[in-house]
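Notes follow once the structure below has been shown.
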Amino acid sequence: MKPETATVVELPGAAVYQQEFTIRYDYPVYFTERVFDRDNPVFEHALARREAGKRHRFAVFLDANVAASWPALAHEIAAYAQARADTLELVGHPEIVPAGEQVKNDFALVSRLQQRLGELAIDRHSYVVAVGGGALLDMVGYVASTTHRGVRHVRVPTTVLAQNDSGVGVRNGINAFGKKNFLGCFAPPRAVLNDLAFLRTLHPRDRISGIAEAVKVALIRDAVFFDWLEANVEALREFAPEPTARMIRRCAELHMRQIAHGGDPFESGSGRPLDYGHWSAHKLEALTAHELRHGEAVAIGVTLDTRYSVQVGMLPAGAEDRVYRLFKRLGFHLWHPAMDSRGDRGRRLILDGIEEFREHLGGDLTVTMLRGIGRGEEVYSLDRDQIVQAMAWLRRKETGQ
Ligand SMILES: NC(=O)c1ccc[n+]([C@@H]2O[C@H](COP(=O)([O-])OP(=O)(O)OC[C@H]3O[C@@H](n4cnc5c(N)ncnc54)[C@H](O)[C@@H]3O)[C@@H](O)[C@H]2O)c1
Ligand SMILES: [Zn+2]
C-alpha cells in the first residue's frame with residue numbers, strides 16, 4: 001500500500017517511504033525607538049500579531065551592561081506589560097544576565113537559564129525575550145531553542161552589530177571546546193525589535209566595531225552602499241543618528257535578503273556567502289581570547305581578504321587601499337600581534353582558521369573573495385603564501401615593520 005503523502009522509492013530488498021515536508025518561516029524586523037515606552041505598540045504587536053485575543057506569557061533576559069546603562073528598564077518592561085495586561089503577561093521579573101562574549105563560553109550559565117525557564121513554566125507557546133548585545137542574543141537564542149525542543153524567542157538587539165547583522169538572522173549558539181559557535185542551532189526568532197535609542201549608551205568601541213559588518217556586506221553586495229559609507233565616514237565615526245540609522249537599516253536589509261532569498265537559510269551547503277573576511281576573524285577572536293570584538297576582528301579579516309583578492313588578480317589594485325582607508329578613518333586598528341602567533345615548528349596559527357572554517361560549514365572549502373567592489377565571489381582554495389604576503393602588507397602599514 002502506498003502511503004498518501006509520501007513517494008515510494010524503488011530499492012532492491014527494501015521498502016522506502018520517502019518523507020518530505022517544508023516549513024515556512026516568517027518574522028518581522030521592526031525599527032523603532034523606545035520600544036518599552038507605554039505608548040509604543042511594537043512590542044505588543046510582535047508577540048500578539050498572530051494570536052489576537054490571547055494573553056501572551058513572556059520571560060525576559062537582560063544584558064547586564066544594558067541594565068546598568070538603563071536602570072529603569074526592568075521596571076519599564078514590567079509597567080508595559082501591566083498597561084497591556086489583556087494581551088501580555090510578564091512571567092517573573094526581567095532577569096539580569098552577565099553579558100559580552102564570556103556568556104558564550106559559560107555552560108553553567110546556559111543550564112541555569114534553561115532551568116529558570118522550567119521554574120517559570122515557560123512553554124512552547126510562551127516567549128523568551130532577550131535584550132542585549134549579539135553575544136547575549138546568540139546565547140539566549142540557544143537556551144530558548146533547546147528548551148522544550150524550541151521555545152519562541154524574540155530579540156531586542158542593543159548593539160550596532162546585533163541590529164545590523166547578528167540579531168536579524170537565524171543562527172544561535174555558544175562557544176565550546178575552544179571553538180567559536182561550536183554548539184548551536186538554526187532557529188528563526190519570532191520577531192526582532194531594533195531600538196535605536198539603546199545605541200546611545202554603547203561604549204564607543206562597540207559603536208564603531210559593528211560598522212565593520214556594514215563595510216563587509218557593502219563590499220560583497222552593494223557598491224553604492226560602499227560609496228555611501230565612504231562619503232559619510234565622518235558622520236558615522238561621530239555616530240550621527242540619521243546616517244547611523246540608515247547604515248543599520250541597509251546592512252540589516254542585505255543580511256535579511258540573503259536569508260530569505262539566498263536559497264540556503266540554514267546553511268546546508270558549503271558556503272556562507274556573507275561571511276567575507278570571517279575565516280581569519282573567527283580564528284583571531286579565539287587567538288586573542290576574545291580580547292578583540294567580533295567587529296574588530298572582521299575589519300582585519302576583511303582588509304586582509306581584500307588585499308588577497310588583489311594579489312591573486314581577482315580584484316583591480318587600489319581597492320585594498322580604499323578599504324584600508326575607510327576602516328582607518330572609522331577608527332579601527334587593523335593589526336593584532338596574535339596574527340603572528342606560531343604553533344609547533346613555527347606553524348602560523350591563523351592559517352588553522354581556514355580548515356576550522358571549512359569544518360564548521362562542512363563539505364568543501366568555500367570562501368568569499370572580491371571580484372569588484374560590491375561583488376563577492378566564492379573560491380574553493382586559498383593560497384597560503386599569498387595570505388602570508390597579505391598579512392605582511394597589513395603589518396607594514398600598521399606597524400611600519
Ligand atoms: N548569530 C549570528 O549570525 C552572528 C553574526 C555575527 C556575529 N555574531 C556574534 O555576535 C557577538 C558580538 O556581538 P556584539 O558586537 O553585539 O558584542 P557583545 O554582545 O559582546 O556586546 C558588546 C558589549 O556591549 C555591551 N552592551 C550591549 N548593548 C549595550 C548598550 N545598549 N549600552 C551599553 N552597553 C551595551 C555588552 O554587554 C557587551 O559588554 C559575537 O559573539 C559574534 O560571534 C553572531
Ligand atoms: Zn560577523
Side-chain angles (χ1 to χ4, degrees), residues 33-35 61-71 73 96-106 130-142 145 153 155-175 179-182 184-189 192 194-217 220 239 248 251-252 255-256 258-259 265-267 272-286 290-302 357 360 368:
E33 285 211 37
R34 303 287 310 168
V35 67
F61 292 128
L62 277 183
D63 181 309
N65 294 316
V66 176
S69 304
W70 301 84
L73 184 59
I96 296 172
V97 177
E101 190 69 24
Q102 79 216 16
V103 300
K104 288 179 66 174
N105 297 323
D106 191 348
V131 183
L136 179 107
L137 300 186
D138 275 10
M139 185 272 291
V140 173
Y142 179 65
S145 310
H153 72 285
R155 303 195 186 130
V156 183
T158 59
T159 64
V160 172
L161 189 130
Q163 293 194 1
N164 71 8
D165 179 339
S166 82
V168 303
V170 297
R171 304 172 186 152
N172 307 281
I174 57 171
N175 311 326
K179 291 193 175 140
K180 179 104 180 147
N181 302 326
F182 188 70
C185 56
F186 295 99
V192 181
N194 273 345
D195 178 344
L196 275 178
F198 280 121
L199 305 183
R200 270 186 238 135
T201 56
L202 269 184
H203 191 281
R205 191 176 164 188
D206 290 302
R207 292 179 176 178
I208 299 296
S209 139
I211 306 177
E213 300 283 10
V215 175
K216 169 207 77 176
V217 78
I220 54 179
F239 217 58
I248 287 173
C251 185
H255 280 88
M256 288 172 67
Q258 179 67 34
I259 292 166
F266 288 180
E267 298 168 18
R272 267 167 59 159
L274 291 197
D275 279 353
Y276 180 50
H278 277 56
W279 70 265
S280 58
H282 283 158
K283 187 65 190 171
L284 257 182
E285 288 184 76
H290 301 285
E291 185 191 304
L292 281 184
R293 296 276 201 266
H294 179 70
E296 294 168 342
V298 167
I300 294 175
V302 162
F357 192 72
H360 185 65
T368 299

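What you see is a predicted model; the values in this text were computed from it and never measured. First listed ligand is number 1; within each ligand, the first listed atom is number 1.
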Checklist entry - Can you check side-chain contact (heavy atoms from CB on, under 4.5 Å) on D63 and V103, steps first, answer last? => result CA-CA 10 Å; D63 181 309; V103 300; over 6 Å; no

Checklist entry - Any side-chain heavy atom of K180 within less than 4.5 Å of one from H360? => result no

Checklist outcome for this item: Filtering D275, N65, L199 for the heavy atom nearest atom 38 (C) of ligand 1 leaves N65

Next on the checklist: Side chain or backbone, does D63 bring an N or O within less than 3.5 Å of an N or O on ligand 1?
Outcome noted: yes

Item to check | Interfacing atoms of ligand 1 (cut-off 4.0 Å, heavy-atom, G133) | outcome: 16 (O), 19 (O), 27 (C)

Checklist entry - Should the proximity of L202 to ligand 1, defined as any heavy atom under 4.0 Å, be assigned to the side chain, the backbone, both, or neither? => result both

Checklist entry - Rounded to the nearest 0.5 Å, how far apart are CG of D275 and CG of D165? => result 8.0 Å

Item to check | Apex the Zn ion (ligand 2) - arms NE2 from H278 and NE2 from H294 - angle rounded to 10° | outcome: 100°

Checklist outcome for this item: Honestly, for H294 the part within reach of ligand 1 (heavy atoms, under 4.0 Å) is side chain

Next on the checklist: Give me the nearest non-hydrogen protein atom to atom 20 (O) of ligand 1 as residue plus atom name, then the distance to 0.1 Å.
Outcome noted: G100 CA, 3.4 Å

Checklist entry - Mind checking whether L62 and V97 have side chains closer than 4.5 Å, heavy atoms only? => result no

Checklist entry - Looking at S166 and A162, what are the two nearest heavy atoms and their distance? => result OG-CA, 3.4 Å

Item to check | T158 to Q163 - nearest heavy-atom pair and separation | outcome: CA-NE2, 4.2 Å

Checklist entry - Does D275 bring an N, O or S atom to within less than 2.8 Å of the Zn ion (ligand 2)? => result no

Checklist entry - Side chains of K104 and H290: does their closest heavy-atom pair fall under 4.5 Å? => result no

Checklist entry - Should you measure from each heavy atom of A99, which atoms of ligand 1 turn up under 4.0 Å away? => result 37 (O)

Checklist entry - Parallel under 30°, tilted from 30 to 60°, perpendicular over 60°: which one fits the rings of F266 and F186? => result parallel

Checklist entry - L274 versus H255: any side-chain heavy-atom pair under 4.5 Å? => result yes

Checklist entry - Any idea which protein heavy atom is nearest atom 14 (P) of ligand 1, and the distance to it? => result G134 N, 3.6 Å

Checklist entry - In ligand 1, which numbered atoms sit nearer than 4.0 Å to a non-hydrogen atom of V66? => result 27 (C), 28 (N), 29 (C), 30 (C)

Checklist entry - Should the proximity of K180 to ligand 1, defined as any heavy atom under 4.0 Å, be assigned to the side chain, the backbone, both, or neither? => result side chain

Item to check | Shortest protein heavy-atom distance from atom 6 (C) of ligand 1, along with the residue and atom involved | outcome: S166 CB, 3.5 Å

Checklist entry - Between E213 and H294, does any side-chain donor sit less than 3.5 Å from a side-chain acceptor? => result yes

Checklist entry - Should the proximity of L161 to ligand 1, defined as any heavy atom under 4.0 Å, be assigned to the side chain, the backbone, both, or neither? => result side chain

Item to check | Nearest-neighbour protein heavy atom for atom 11 (C) of ligand 1, which is reported as residue plus atom name and distance | outcome: A135 N, 3.5 Å

Item to check | atom 31 (N) of ligand 1 [closest protein heavy-atom partner, distance rounded to 0.1 Å] | outcome: F198 O, 2.9 Å

Checklist entry - How does D165 reach ligand 1, by side chain, by backbone, by both or by neither, if only non-hydrogen atoms under 4.0 Å count? => result side chain

Checklist entry - Side chain or backbone of K104 under 4.0 Å from ligand 1, or both, or neither, by non-hydrogen atoms? => result side chain

Next on the checklist: Ignoring hydrogens, what is the shortest heavy-atom contact between N65 and A99? Give both atom names and the distance.
Outcome noted: ND2-CB, 4.2 Å

Checklist entry - Taking all non-hydrogen atoms of both residues, which atom of A187 and which atom of R155 are closest, and how far apart? => result O-NH2, 4.1 Å

Item to check | Residue pair T368 / K216, side-chain heavy-atom distance below 4.5 Å | outcome: no

Checklist outcome for this item: Ranked by distance from atom 33 (C) of ligand 1, the top protein heavy atom is T201 O, 3.3 Å

Item to check | Sub-4.0 Å atoms of ligand 1 with respect to non-hydrogen atoms of E101 | outcome: 20 (O), 40 (C), 41 (O)

Checklist outcome for this item: for atom 24 (O) of ligand 1, nearest protein heavy atom and its distance come out as D206 OD2, 3.6 Å

Checklist entry - What's the verdict on side-chain contact (heavy atoms from CB on, under 4.5 Å) for L292 and I300, showing C-alpha distance, side-chain angles and the deciding distance? => result CA-CA 10 Å; L292 281 184; I300 294 175; 4.1 Å; yes

Checklist outcome for this item: min-distance protein heavy atom vs atom 28 (N) of ligand 1 -> T158 OG1, 2.7 Å

Next on the checklist: Testing the basics here: between L199 and I248, what is the closest heavy-atom pair and its distance to 0.1 Å?
Outcome noted: CD1-CD1, 3.4 Å

Checklist entry - Which atoms from ligand 1 have a heavy atom of T159 less than 4.0 Å away? => result 14 (P), 16 (O), 21 (O), 27 (C), 28 (N)

Checklist entry - Backbone, side chain, both or neither: what part of S69 comes under 4.0 angstrom of ligand 1, heavy atoms only? => result side chain

Next on the checklist: With respect to W70, determine whether any N or O atom, backbone or side chain, lies less than 3.5 Å from an N or O atom of ligand 1.
Outcome noted: no

Item to check | Atom name, E213 (N, O or S, nearest to the Zn ion (ligand 2)) | outcome: OE2

